Amino acid sequence: MGGVGDVIAELTTDHREVEELFTQLEKVLPGSTERKRLVDALTIELVRHSVAEEQYLHPAMREHLTGGDTLADKELADHFRIEKLLDDLQKHKVDDLDFDRLVVKLRTEVAAHISEEENDLFAQLRTGVRPYVLEELGKKVRQAKKTAPTRPHPNAPSTPPVNKLLAPGRGLVDRRGP
């Protein structure tokens with residue numbers, strides 16, 4: 001995920017990668033193991049993205065943007081719904097009737113979240129946060145994604161400082177397996 005640039009460029013790259021995974025998912029026959037592989041890849045990307053935002057972007061929103069607390073709280077609520085859907089998906093087999101219904105619901109939630117960020121939040125960040133701060137946030141987000149969990153933890157703390165302390169440990173456990 002991502003590469004270089006400020007936090008907006010980093011998160012926008014993540015968004016395109018997630019949208020591409022959804023596009024690939026649409027092309028695969030229901031019930032196939034490839035669908036499960038793509039949902040697993042989506043889960044990893046979305047969880048890492050969310051954790052990095054919660055650790056660094058949301059606190060910056062609270063600090064730098066007018067109404068930042070409200071914006072960050074809405075983002076957290078969106079993340080909770082998405083992580084809950086991801087968690088539900090992990091509990092279903094690819095040939096379960098609810099699997100595809102949950103995928104459609106996940107895509108709808110993620111698309112709405114991406115749209116809100118790119119059409120509203122990113123413009124506010126561009127005007128309300130100094131460029132060097134956005135660059136530093138981009139570096140921090142890239143670093144956070146390297147150690148972030150890879151599976152949903154919808155009931156884990158999502159606000160600093162607790163989330164910054166626990167996320168790397170959950171990430172290590174996730175990469176080791178159940």
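All values reported here derive from a predicted model rather than from experimental measurement.
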- Task: Verify side-chain contact (heavy atoms from CB on, under 4.5 Å) between H92 and L102, making sure each step is shown before the conclusion.
- Result: CA-CA 9 Å; H92 286 82; L102 288 168; 3.6 Å; yes
With heavy-atom distances below 4.5 Å as the criterion, would you say the side chains of [X] and [Y] are in contact?
X    : Y    : answer
L76  : E54  : yes
R101 : D96  : no
E116 : D120 : no
L71  : Q124 : yes
Q90  : K36  : yes
Q55  : V51  : yes
L106 : F22  : yes
T70  : E75  : no

What is the minimum heavy-atom distance between [X] and [Y], and which atoms define it?
X    : Y    : value
A52  : K145 : CB-CG, 3.7 Å
R48  : T150 : NH2-CG2, 3.4 Å
Q24  : V28  : O-CG2, 3.3 Å
P149 : V47  : O-CG1, 3.3 Å
L57  : L121 : CD2-CD2, 4.2 Å
Y56  : L137 : O-CD2, 3.6 Å

First locate atom [atom1] of [X], then atom [atom2] of [Y], and finally report the distance between them rounded to the nearest 0.5 Å.
X    : Y    : atom1 : atom2 : value
R37  : E34  : CZ    : CD    : 4.0 Å
L89  : F99  : CG    : CZ    : 5.5 Å
L86  : L42  : CG    : CG    : 8.0 Å
D14  : E19  : CG    : CD    : 11.0 Å
D100 : L25  : CG    : CG    : 8.0 Å
K139 : L134 : NZ    : CG    : 12.0 Å

- Message: When you measure from the side chain of S115 to the backbone of A111, do you find a donor-acceptor pair of N or O atoms at a distance under 3.5 Å?
- Response: no
- Would Y132 end up clustered with I8 when hydrophobic side chains under 4.5 Å apart are linked, directly or stepwise?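 Linked within one cluster.
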- For salt bridge (Lys or Arg N to Asp or Glu O under 4.0 Å), just list the numbers for D98 and K93, CA-CA rounded to whole Å, side-chain angles, deciding distance to a tenth of an Å, and then say yes or no. CA-CA 9 Å; D98 278 346; K93 292 183 180 179; over 6 Å; no
- Task: Kindly check if the number of other-residue, nucleotide or ligand heavy atoms within 6.0 Å of CZ (R130) is above 12?
- Result: no
- Message: Is it the case that over 12 heavy atoms from other parts of the model lie below 6.0 angstrom from the NZ atom of K105?
- Response: no
- Side chains of E83 and H79: is there a donor and an acceptor less than 3.5 Å apart?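 Note: E83 and H79 side chains miss the donor-acceptor criterion.
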- Under 3.5 Å, is there a donor-acceptor pair between the E109 and H113 side chains? no
- Message: Among D40, L29, V94, which residue satisfies the side chain to side chain contact (heavy atoms under 4.5 Å, CB included) criterion with R35?
- Response: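 Answer to the side chain to side chain contact (heavy atoms under 4.5 Å, CB included) test with R35 among D40, L29, V94: V94.
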- Task: Salt-bridge test for E26 and R107: reply yes if a basic N is under 4.0 Å from a carboxylate O, no otherwise.
- Result: yes
- Task: Hey, can you tell me if H49 and H15 have their rings parallel, tilted or perpendicular (30° and 60° cut-offs)?
- Result: tilted
- Task: Apply the test side-chain contact (heavy atoms from CB on, under 4.5 Å) to residues I114 and R16: give CA-CA distance (whole Å), side-chain angles for both, the deciding distance (0.1 Å), then the verdict.
- Result: CA-CA 9 Å; I114 287 172; R16 298 297 83 79; 3.9 Å; yes
